[in-house]
Protein chains: 2
Amino acid sequence: MDKLNDSYLKECLQNSGCKITGPRKAVLQILEKYPDNHLSIDEIYEAVKKSYPKMGLATVYRTLALLENIGIVCKLDLDDGFSRYELYNPNETHRHHHLICSSCGSVSEVEEDLLDTLEKQILQKNKFLVKDHRVKFYGICEKCRA
Amino acid sequence: MDKLNDSYLKECLQNSGCKITGPRKAVLQILEKYPDNHLSIDEIYEAVKKSYPKMGLATVYRTLALLENIGIVCKLDLDDGFSRYELYNPNETHRHHHLICSSCGSVSEVEEDLLDTLEKQILQKNKFLVKDHRVKFYGICEKCRA
DNA sequence: GTTGGTGCAAAATCTTTGCATCTGG
DNA sequence: CCAGATGCAAAGATTTTGCACCAAC
């Protein structure tokens, strides 16, 4: 798993003419370690410092911007004023959706996409060719409904 | 139109025990004047100052937060680092979708909702009761595709 | 007259940038 | 070795807050 992603990271970075560095590996490692946690920049920074103590916050910003550019991670906005990131799942062609509970604040995910019909309609009616989307659903989660 | 919204604002504010003030009317007036412009805080501030010169920026922030709380306006995130607001359409039960062109940056709207099926599936599979959503589509607009 | 609202300036946050130093290839 | 990457601190940008004054009701 680690090896696999190391080589995936290596490939992506080298294709973009970038170096494979300690900070970059460390950031990716944290994102792999907490796949469903929607970590904020600061949370990533704090977590990385444990394995890579000399990490600087600016480098976290620069690294995540880079990883986003080359399509390894995706920025997330959960309306709390923090930039959050999660790994792209290489099997996804479109971004998955997030379910945000208005009661407890928990965030879960919908793997299914199911917007193809809507996107086709948008192409026909609005002549707009959809390439990707970001979808957030607000509501009440299972626990809070009980 | 102006009268009508004045009384709508009045009703909403009074129901929340808030006063009807010059700044609040001025902000709403600007949002009504530019219904499709997705104005940023600063754009609203600059526009309001023309009709209400002593307007302070902090009041724009406070007013929009208030109007959002009582359901008159809706915050928008167009990924450019600015908070933007638009009026809620009282006829909409759910938020409409935004089409963001990756080429020219233009933002247009899809009035249709069309997520009912998906939201029913989410209720069944995830036991999550959807109350509202935010949907952004990224792609290429009609002009840029030509 | 009270209570809440406003303007201003200062403070707090998050993010970006400049630059000397370090490091991967 | 050299171009690119990093760490640190300073600067930028947006948003929030404290407080004296003002205005709805």
Side-chain angles (χ1 to χ4, degrees), chain A residues 6-7 9-30 38-70 72-73 75-85, chain B residues 6-7 9-30 38-70 72-73 75-85:
Chain A
D6 252 30
S7 63
L9 176 69
K10 194 172 174 181
E11 192 190 316
C12 291
L13 286 176
Q14 286 179 338
N15 284 346
S16 320
C18 299
K19 291 176 180 174
I20 294 118
T21 65
R24 288 172 185 172
K25 284 192 282 193
V27 167
L28 194 67
Q29 228 163 55
I30 292 303
H38 315 106
L39 298 175
S40 70
I41 299 258
D42 207 62
E43 286 164 346
I44 294 168
Y45 173 53
E46 292 301 332
V48 166
K49 272 205 293 191
K50 286 174 191 161
S51 62
Y52 193 91
K54 64 173 177 168
M55 190 76 183
L57 180 56
T59 302
V60 180
Y61 278 96
R62 285 185 286 226
T63 300
L64 287 166
L66 173 65
L67 295 181
E68 188 182 23
N69 272 334
I70 63 182
I72 290 184
V73 305
K75 200 176 198 167
L76 221 66
D77 172 34
L78 261 32
D79 311 303
D80 58 1
F82 297 100
S83 289
R84 297 172 179 282
Y85 287 87
Chain B
D6 252 29
S7 62
L9 176 69
K10 194 172 174 180
E11 193 190 315
C12 291
L13 286 176
Q14 287 180 335
N15 284 345
S16 320
C18 299
K19 291 176 179 172
I20 294 118
T21 66
R24 289 174 184 170
K25 284 193 280 191
V27 166
L28 194 68
Q29 227 163 56
I30 292 304
H38 314 104
L39 298 175
S40 69
I41 298 258
D42 207 63
E43 286 165 346
I44 294 168
Y45 173 54
E46 291 302 332
V48 167
K49 272 204 297 190
K50 285 173 191 160
S51 62
Y52 193 90
K54 64 175 176 168
M55 189 75 183
L57 181 55
T59 301
V60 181
Y61 278 96
R62 287 185 284 225
T63 300
L64 288 166
L66 173 66
L67 295 180
E68 189 181 24
N69 273 334
I70 63 181
I72 291 185
V73 305
K75 199 176 198 167
L76 222 67
D77 172 34
L78 261 33
D79 311 303
D80 58 1
F82 297 99
S83 288
R84 297 171 179 282
Y85 287 86

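The chains referred to below are lettered A, B, ... by the order of the sequence lines, with proteins before strands, and numbering in each begins at 1. Computation of the quantities below employed the complete heavy-atom set of this structure, encompassing side-chain atoms and omitting hydrogens, waters and symmetry-equivalent molecules.
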(Q) Using the side-chain heavy atoms of B/P23, tell me which of these nucleotides is nearest: C/dT6, D/dT15, C/dG5. (A) C/dT6

Q: Please give the angle, rounded to 10 degrees, between the axes at the start and the end of the helix from C/dG1-D/dC25 to C/dG25-D/dC1, where five pairs define each axis.
A: 40°

(Q) Using a distance-only criterion (donor-acceptor N/O pair, under 3.5 Å, no hydrogens), is the base of C/dG7 paired with the side chain of B/R62? (A) yes

Q) Roughly how many Å is it from CZ in A/F82 to P in D/dT14, rounded to a whole number? A) 18 Å

Q. Choosing from C/dG25, D/dT14, C/dG5, which nucleotide comes nearest the side chain of B/T21?
A. C/dG5

**Q.** Nucleotide C/dT16, atom P - distance to CD of A/E68 in whole Å
**A.** 11 Å

Q: Scan residues 45-59 of chain B against DNA chain C and write down, sorted by residue number, each residue with any heavy atom closer than 4.0 Å; if none is found, say none.
A: B/Y52, B/K54, B/M55, B/G56, B/A58, B/T59

Q) With sugar-phosphate meaning primed atoms plus P, OP1 and OP2, does B/R24 contact a base, only sugar-phosphate, or nothing at under 4.0 Å between heavy atoms? A) sugar-phosphate

Q | Whole-Å gap separating P (C/dC14) and CD (A/E43) | A | 11 Å

Q | Nucleotide of C/dT6, D/dA3, C/dG4 approaching B/K19 most closely (side-chain heavy atoms) | A | C/dG4

Q.
Does a side-chain N or O of A/Y61 approach OP1 or OP2 of C/dT16 to a distance below 4.0 Å, or not?
A. no

**Q.** Nearest-0.5 Å distance, CD1 of residue A/I72 to OG of residue A/S16
**A.** 8.0 Å

